[in-house]
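Everything on this sheet refers to the single structure shown next.
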Amino acid sequence: MPSKAACPGRPEAAAQQPSAPGGGTLGGQPLNMDKDLALHGGSLPTDTCPGLEKSPGVPLNIPAKMSSEGPQAKAETFTPKPPSRPKLERALSLDEKGWRRRRLQTSHEDLAARRGNSPAGGSLQGQAPGSPVHTCSPPGLSTSLQEIPTTRRASGCARGSPTSWSNCISGMVSSSPDLLPRGGALAGGTPRLAGLLPSRLPPAIDWNTASDSLRMAHRVDADHADYKLRLQARLCGAHSGLGPGRPPSPLACNDCSLRSAKSSFSLLAPIRTKDVRSRSYLEGSLLASGALMGADELARYFPDRSVALFVATWNMQGQKEPPPNLDELLLPAEADYAQDLYVVGVQEGCSDRREWETRLQETLGPHYVMLSSAAHGALHMSVLIRRDLVWFCSEVESSTVTTRIVSQIKTKGALGVSFTFFGTSFLFITSHFTSGDGKVGDRLLDYSKTVQGLALPKNVPDTCPYRSDPADVTTRFDGVFWFGDFNFRLGAGRVAVEAILRQDPGASVPALLQLDQLTREMQKGSVFRGFQEPDIHFLPSYKFDVGKDAYDTTSKQRTPSYTDRVLYRSRHKGDICPLKYSSCPGIKTSDHRPVYGLFRVKVRPGRDKH
């Protein structure tokens, strides 16, 4: 019969062992229980004593010392005590230092972790093969190291080997597995801390790793095989919408709030989606509720149904560069507020038209956009409108007429621009008529050619066709503004005009207007039929010495005149109200002074189908 292995927990086995002087023996070897217990952490190996694991509740009586009196002597017993509670203060401080050295995840890595591809720092794919992963924590573990309960010796740790017990202690002390040893006995029941430095170098980064941040940190070569595919996938995800059938986007993450898509730096008023859906842009009805050109929308932007309009004309004398400051022209001191619509026409404009338009835009600022820009030789016209009103304008159309005999030289002629704003149609004409004191007939001919030659409107329908005249373009629009260098002079000599100018300005202006050729022809009805002009309270705008306030001092001695004018015509009486009509004496870069007018124009609701 095979003999049974010796077990110190069995009394009959202890009785069968021979005694030795000075102490007990076990299997022919001296028995030193204190030393053995210390080496094994206070407990004996379970493989030599299987009964210990099967019945943990039975008290363990192990002979400590054998008597030397004889084989029948009884052995003295003692009860082993559990290991002393490990000191965790040092481990706690090390764990805090390790926590401070940890790198927090970026938003990109956090989103990648939510999809299942966590960065290499926290991913199982990024760990070295074969490295142990501690996934179990001892029962009763508290989240605070200062609150570890005394009932820490649960079944899994109390019954286990010293190796498993040390692993449990390692999990309790710190989340980092390198702070405590994973195997080996702990002498005296006190855990020994491992070094903070790794025992070996980290593994090389594989190209197929799931961490995008590591790939960028190591500056992956753009020619790598899968670089373009990964980049394309990232771009596809970044630009995908919020639809369920599209690739996921960082803004469309299921765990993220849609509020993250809103810009916290926007100054625009938010627009609700249901409001956009309810607006009938293509309703086509004059009184349709919610129509873009309807009465409700007009009342929302213009409760008094009138728009502020600025019209200016200036003969720039072909200067190469515009003046450095245009505030006096576009932003006159008499106006408390900027206007809704700016229309500026120039004759003999600067060679670089784009530079002139840029200067206009810079003066008005980002609240205005260039609605239209047209040119005909040296004639330029720019239309600027407030940014939030551009949606209420129809297509902008333009047409030109050359009044000079030699048509290749386009210094004289007319340029017209037309569009519909809400339900009101506008026509703006800038002209440069024939010059000369005695050429009134030529100027009348220029006017006739212009009203007959401008082919407007083209595609935008006439708002009131039954009141239009095919031979006169000015009858086809609700509001017409005609401005430019008409070249009508004062019908008197230089000496007579200078004598009037020396009088009081309040009396000199009416006296000068009695000599004005344009005023006489309009009273006769031979030119600008149906047009009106605001009251003039400024001095003649022509002809000055450049950079000075003195009229022409050259040998030609040209007579000062009101050559630059702004006229208007309304299809409905009272729709156009002039507010200010003046010149800009501070702008002296040309022999002409700019002339401008401020108007309030009544606007009617219109149809969306234009």
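We count residues from 1, following the sequence as given. In this text the structure is predicted, and so the values were computed from the model without any measurement.
If you look at Y562 and F488, their ring centroids are not closer than 6.0 Å. A distance below 6.0 Å separates the ring centres of Y368 and Y342. Centroid-to-centroid, the aromatic rings of Y301 and F422 stay 6.0 Å apart or farther.
Side chains of W482 and S431: a donor on one and an acceptor on the other come within 3.5 Å. Inspection of the R494 and T559 side chains reveals no N or O donor paired with an N or O acceptor under 3.5 Å. D462 and S468 form a side-chain donor-acceptor contact under 3.5 Å, judged by distance and modelled atom types alone. The closest side-chain donor-acceptor pair between R520 and Q514, if any, does not fall under 3.5 angstrom. Side-chain contact check for S373 and R353: at least one donor-acceptor pair (N or O, by modelled atom type) lies under 3.5 Å. In summary, the side chains of T430 and Q347 do present a donor paired with an acceptor at a separation below 3.5 Å, with no hydrogens or angles considered.
Between the side chain of W314 and the backbone N or O of H592 there is at least one donor-acceptor pair closer than 3.5 Å. Looking only at distances, no side-chain donor or acceptor of S583 sits under 3.5 Å from a matching main-chain atom of P585. Side-chain atoms of S561 come within 3.5 Å of backbone atoms of L490 as a donor-acceptor pair (strictly under, hydrogens ignored).
When each of M522, R489, R565 is tested with D516 by the rule side-chain contact (heavy atoms from CB on, under 4.5 Å), just one qualifies, namely R565.
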Steps toward side chain to side chain donor-acceptor pair (under 3.5 Å) verdict (N487, T563): CA-CA 5 Å; N487 264 320; T563 59; 5.2 Å; no

Begin from the C-alpha positions of Y568 and F531 and carry the test ring-ring contact (aromatic ring centres under 6.0 Å, His included) through to its verdict. CA-CA 5 Å; Y568 65 92; F531 280 84; 8.3 Å; no

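At a threshold of 4.0 Å, the pair R593-D549 counts as salt-bridged, since one of the basic side-chain nitrogens sits closer than that to a carboxylate oxygen. The existence of a salt bridge linking K412 and D446 is excluded, since no basic side-chain nitrogen approaches an acidic carboxylate oxygen closer than 4.0 Å. A salt bridge is defined here as a Lys NZ or Arg NE, NH1 or NH2 lying under 4.0 Å from an Asp or Glu carboxylate O, and D352 with R354 fails to meet this definition. Electrostatic pairing of D591 and K543 counts as a salt bridge here, judged by a charged N lying under 4.0 Å from a carboxylate O. Salt bridge present: R604 and D575 bring a charged side-chain N and a carboxylate O closer than 4.0 Å.
Taking CG from L364 and CZ from F310, the interatomic distance works out to 8.5 Å, rounded to the nearest 0.5 Å.
The aromatic rings of F528 and F433 sit parallel to each other, their planes meeting at less than 30°, with 60° as the upper class boundary. Using a 30° and 60° split on the angle between ring planes, F538 and Y581 fall in the perpendicular class, above 60°.
Every residue meeting the side chain to side chain donor-acceptor pair (under 3.5 Å) condition with D478, not counting sequence neighbours, appears here in chain and number order: S425, T463, R571. Applying the ring-ring contact (aromatic ring centres under 6.0 Å, His included) criterion to F481, with sequence neighbours excluded, gives F428, F599. For K524, the salt bridge (Lys or Arg N to Asp or Glu O under 4.0 Å) test picks out E521, with sequence neighbours left out.
The shortest distance between side-chain heavy atoms of V566 and P578 does not fall below 4.5 Å.
Residue R569 qualifies as enclosed at atom CZ: its count of foreign heavy atoms under 6.0 Å is above 12.
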